[in-house]
Amino acid sequence: MPQALECSEGCWAWMVLLASVVTQGLTLGFPTCIGIFFTELQREFQASNSETSWFPSILTAMLHAGGPLGSILVGRFGCRAVVMLGGVLASLGMVAGAFCCTLGQLYLTAGFITGLGMCFSFQSSITVLGFYFTRWRVLANALASAGVSLGIMLWPLLSRYLLEDLGWRGSFLIFGGVLLHCCVCGAILRPVPASVTPETREGLPPPSKRPARGCPAAHGRAIQRHLALDVLRHNAGYRVYTLGVVWMVVGFPLPHVFLVPYAVWHGVDEHRAALLISLIGFSNIFLRPMAGLVAGRWDFASHRKYLFSLAALLNGLTNLVCAASADFRVLVGYCLVYSVSMSGIGALLFQVLMDIVPMDRFSSALGLFTLLESISILISPPLAGLLLDTTSNFSYVFYMSSFFLISAALFMGGSFWALGKMEGQGPQAEVQGAVTEAAPEQGLTVEDTDGAKKRLRVEIMNVTSV
């Protein structure tokens, strides 16, 4: 990063947190409002459910797929410049999308370009929190994710209002201006001195220096490092978590895209249907910080990954309720219960990743993580749209969502438990054997032996902890 100016957890850190809240609300909260325009876009372009679903799919996929490129830009130019660049791209994409005449043009502008810009902004705003906060990092991540909830609440209301008065084209023009506020948020992100950033917590290979010109091996190592392939290879916890989340994300975004069309299809008024998404966002404003406070307790620190798996399991089970009935009162109850599980997922998603990988590798690990996520996000809405076109029954969409969420939760919970058992046995056996052999040879007393055992255990846990 460029020469730093601020210290971690100083007064300015809370201004950075506020900027991150707004940035995440503008970016991660935005895709939920696309459902408001779904029917209008379908009518405008005379498209099927599957064809129309590609627009939110490409937008949300690019919001994650640009992760590796974003991490490279963050390492080269710093978080401030990348957030501002993302705001400009997101704005240009929406403005250009307002003048599109075909769905293909909309895919490219409001889908690809806007999604890439949002990716740059949101990823950098998450990365910078890891450098500004150490003691209060869990709470900071939870509060920042509350910005997503704020966006989920406000974007649908704004979209419904603008759609009635200006149509979808005028709405997209206004959105372009709103997304420029990411540039204002980026200007607040002063860099943090390298001396105060958290130390590496895992025994991964040290950072390689700038590769020599004309050296393919050095360039290959640099590429692996930027794409976090070394983290993927050495860190079993990262592999489990990434695979589980990638599988989970196939089902997770579906209610955000199809809840409003589902309610309208069953006779719910369009205004009341739009309020369902806003209700989810409003509830999460309060629930996400509460989830962060609970997960931030020291006695929960080693169990955050299990809490995340539990939240995903509850989220999947909740979708079964939505599939059972489309009565408005039932949908309101569904949204409230869904908000509880969604708040746990939102508050812990990036915090668990920070627990698993060291902060000096977090940016590149986040890049690979979001890139793999984007594959699931890209295929999820079109696959659900194809299922809907085939069956003409929205219930199957929510059954599909439940299947992926529940299976992913069981996989992550079981895998983390198995890894914990392996780590609990392997290192202890190695420590006992090493100390037993070392004590007679080095003439250690009982007190020395205990001290050596503690030192060895600390070293081993630094290498294997997930």
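For this chain, numbers begin at 1 and follow the sequence in order.
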Between [X] and [Y], is any pair of side-chain heavy atoms under 4.5 Å apart?
X: Phe55; Y: Pro381; answer: no
X: Ser278; Y: Ile152; answer: no
X: Cys322; Y: Leu259; answer: yes
X: Met118; Y: Gln24; answer: no
X: Gln42; Y: Phe37; answer: no
X: Thr114; Y: Leu59; answer: yes
X: Leu41; Y: Phe45; answer: yes
X: Val321; Y: Val337; answer: no

Under 3.5 Å donor-acceptor, [X] side chain and [Y] backbone:
X: Ser20; Y: Ser125; result: yes
X: Glu51; Y: Ser48; result: yes
X: Ser53; Y: Pro382; result: no
X: Tyr107; Y: Thr102; result: no
X: His266; Y: Ala263; result: no

Determine, stepwise, if the pair Phe394 / Trp265 fulfils ring-ring contact (aromatic ring centres under 6.0 Å, His included). CA-CA 9 Å; Phe394 276 93; Trp265 190 68; 5.4 Å; yes

Evaluate the criterion side-chain contact (heavy atoms from CB on, under 4.5 Å) for residue pair Ser380 and Leu254; output intermediate values, then yes/no. CA-CA 7 Å; Ser380 176; Leu254 295 182; 3.2 Å; yes

Trp155-Phe175 aromatic ring centre distance below 6.0 Å: yes

Ring centre gap for Tyr241 and Phe369 strictly below 6.0 Å: yes

Please list every donor-acceptor pair under 3.5 Å in which a side-chain atom of residues 345-352 meets a protein atom from a residue at least two apart or in another chain.
unit_1: Gln351; atom_1: OE1; unit_2: Asn141; atom_2: ND2; d: 3.1
unit_1: Gln351; atom_1: NE2; unit_2: Asp355; atom_2: OD1; d: 2.9

[atom1] of [X] to [atom2] of [Y]: how many Å apart, nearest 0.5 Å?
X: Cys119; Y: Leu28; atom1: SG; atom2: CG; value: 9.5 Å
X: Leu73; Y: Ser124; atom1: CG; atom2: OG; value: 8.0 Å
X: Ser121; Y: Leu26; atom1: OG; atom2: CG; value: 8.5 Å
X: Leu388; Y: Leu383; atom1: CG; atom2: CG; value: 11.5 Å
X: Met84; Y: Ile188; atom1: CE; atom2: CD1; value: 10.5 Å
X: Arg160; Y: Ile277; atom1: CZ; atom2: CD1; value: 13.0 Å

Kindly check if the number of other-residue, nucleotide or ligand heavy atoms within 6.0 Å of OH (Tyr396) is above 12?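 It does not: Tyr396 OH has 12 such atoms or fewer within range.
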
Should we say atom CZ of Phe282 is surrounded by more than 12 heavy atoms from elsewhere, each under 6.0 Å from it? no

Option passing side-chain contact (heavy atoms from CB on, under 4.5 Å) with Ile377 (candidates Val250, Val246, Thr60):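 Between Ile377 and the candidates, side-chain contact (heavy atoms from CB on, under 4.5 Å) is satisfied uniquely by Thr60.
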
Over all atoms of both residues, closest heavy-atom pair of [X] and [Y]:
X: Leu371; Y: Ala65; value: CD1-O, 3.4 Å
X: Phe112; Y: Leu108; value: CB-O, 3.2 Å
X: Gly167; Y: Ser171; value: O-OG, 2.7 Å
X: Pro255; Y: Tyr334; value: CB-OH, 3.5 Å
X: Leu279; Y: Cys335; value: CD2-CB, 3.9 Å
X: Met342; Y: Ile280; value: SD-CG2, 3.6 Å

Check the pair Ile379 / Ser57 against side-chain contact (heavy atoms from CB on, under 4.5 Å), numbers first and verdict last. CA-CA 7 Å; Ile379 66 174; Ser57 176; over 6 Å; no

Students often mix this up, so state it plainly: with edges at 30° and 60°, are the rings of Phe252 and Tyr338 parallel, tilted or perpendicular?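 Geometry flag for Tyr338 against Phe252: parallel rings.
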
So Phe172 and Trp168, would you call those rings parallel, tilted or perpendicular, with 30° and 60° as cut-offs? perpendicular

Enumerate donor-acceptor pairs with a distance under 3.5 Å from any side-chain N or O in residues 401-416 to protein atoms, sequence neighbours excluded.
unit_1: Ser401; atom_1: OG; unit_2: Gly251; atom_2: O; d: 2.6
unit_1: Ser401; atom_1: OG; unit_2: Asn319; atom_2: ND2; d: 2.9
unit_1: Ser402; atom_1: OG; unit_2: Gly316; atom_2: O; d: 2.7
unit_1: Ser402; atom_1: OG; unit_2: Phe398; atom_2: O; d: 3.1
unit_1: Ser407; atom_1: OG; unit_2: Trp247; atom_2: NE1; d: 2.6
unit_1: Ser407; atom_1: OG; unit_2: Phe403; atom_2: O; d: 2.7
unit_1: Ser407; atom_1: OG; unit_2: Phe404; atom_2: O; d: 3.2
unit_1: Ser415; atom_1: OG; unit_2: Phe411; atom_2: O; d: 2.8

Phe99 six-ring face occupied by Arg169 cation (under 6.0 Å, within 45°): no

Before giving the answer on side-chain contact (heavy atoms from CB on, under 4.5 Å), spell out for Leu173 and Met94 the whole-Å C-alpha distance, their side-chain angles and the decisive distance to 0.1 Å. CA-CA 6 Å; Leu173 282 174; Met94 291 307 299; over 6 Å; no

Could you walk me through whether Ile58 and Leu378 satisfy the side-chain contact (heavy atoms from CB on, under 4.5 Å) test, starting with their C-alpha distance in whole Å, then the side-chain angles of each, then the deciding distance to 0.1 Å, before giving a yes or no? CA-CA 6 Å; Ile58 292 172; Leu378 181 64; 4.0 Å; yes

